[in-house]
Amino acid sequence: GAGVSQTPSNKVTEKGKYVELRCDPISGHTALYWYRQSLGQGPEFLIYFQGTGAADDSGLPNDRFFAVRPEGSVSTLKIQRTERGDSAVYLCASSFQGTTGELFFGEGSRLTVL
Amino acid sequence: EDQVTQSPEALRLQEGESSSLNCSYTVSGLRGLFWYRQDPGKGPEFLFTLYSAGEEKEKERLKATLTKKESFLHITAPKPEDSATYLCAVQDSGSARQLTFGSGTQLTVLP
């Protein structure tokens with residue numbers, strides 16, 4: 001399809017484990033964003049990439065969270081030593097150049113930490 | 001710190017019963033205000049961008065308006081397929097490209 005693709009759609013893990021979430025943006029979109037959404041809340045900004053570089057990582061909650069986009073396309077969000085409070089839906093979005101707030105979101109990866 | 005407050009949290013309407021959703025915001029400088037629609041289990045879907053007070057945008061049964069302190073999403077003669085959560089977000093002129101979202105209004109339109 002032509003939309004933003006996220007895998008896995010669901011991930012259940014145990015406290016303390018390492019998790020990777022993948023995002024494949026719309027082809028040609030240079031801007032990529034990660035947001036986190038808890039139940040009943042709006043999405044919360046985590047990090048923004050323009051090309052390969054993280055232009056704004058001010059939303060990452062602590063140093064257990066890290067994201068990469070090595071070739072300027074696919075991005076991976078990495079969470080170390082997961083905690084129960086990390087349970088949420090992790091949303092990825094992309095946009096053509098990052099100059100507007102018109103974002104195209106994927107369906108999200110639901111993370112459950114037991 | 002940017003803040004977005006949406007009301008009501010939930011709204012139930014009969015099909016054809018028009019209403020409005022409210023989004024109050026606080027930003028140091030507004031680059032843009034955005035409305036998104038989110039269906040259960042899906043990511044948000046972009047609806048509108050508003051840039052300055054007095055601006056209005058329309059799409060089918062939806063019309064978004066903006067003042068210096070709030071935005072309204074007016075729904076005229078809604079249909080059951082309009083049922084969704086409607087999210088409002090702001091982009092601060094000083095904070096790169098991130099959006100600050102409200103918690104949303106969950107709209108249910110009954111047939």
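Residue numbering restarts at 1 for every chain, and letters A, B, ... go by the order of the sequence lines.
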Taking every heavy atom of A:Gly42 against every heavy atom of B:Leu87, the minimum-distance pair comes out as CA-CD2, 4.2 Å
Applying a strict 4.5 Å limit to non-hydrogen atoms, the region of A:Ser9 in contact with chain B is neither
Counting heavy atoms not belonging to A:Tyr18, are there more than 12 under 6.0 Å from its OH?
yes
Do A:Tyr33 and B:Arg97 have side-chain heavy atoms sitting under 4.5 Å apart?
yes
If you count the non-hydrogen atoms of other residues, nucleotides and ligands that lie under 6.0 Å from NZ in B:Lys42, is the total more than 12? no
Turns out that what part of A:Leu103 lies under 4.5 Å from chain B's heavy atoms comes down to both
Looking only at A:Gly40, A:Gly101, A:Ala93, the option with the highest number of non-hydrogen pairs under 4.5 Å against chain B is A:Gly101
Between A:Leu91 and B:Gly43, the two heavy atoms sitting closest are CD2-CA, 4.1 Å
Bottom line for A:Gln37: the part with an atom under 4.5 Å from chain B's heavy atoms is side chain
Exactly one candidate in B:Phe48, B:Phe34, B:Phe46 meets side-chain contact (heavy atoms from CB on, under 4.5 Å) with A:Glu102; the answer is B:Phe46
Taking the side chain as C-beta and beyond, is there a heavy-atom pair between A:Tyr35 and B:Leu99 under 4.5 Å? yes
Residues A:Gln41 and B:Ser103: closest non-hydrogen pair is OE1-OG, 3.3 Å
How about CD on B:Glu81, more than 12 heavy atoms from neighbouring residues, nucleotides or ligands closer than 6.0 Å, or not? yes
Bottom line for B:Gln38: the part with an atom under 4.5 Å from chain A's heavy atoms is side chain
Do A:Asp56 and B:Gln98 come close enough that some side-chain heavy atom pair is under 4.5 Å? yes
Exercise. Hey, do the aromatic rings of A:Phe105 and B:Tyr36 have their centres closer than 6.0 Å?
Worked result: yes
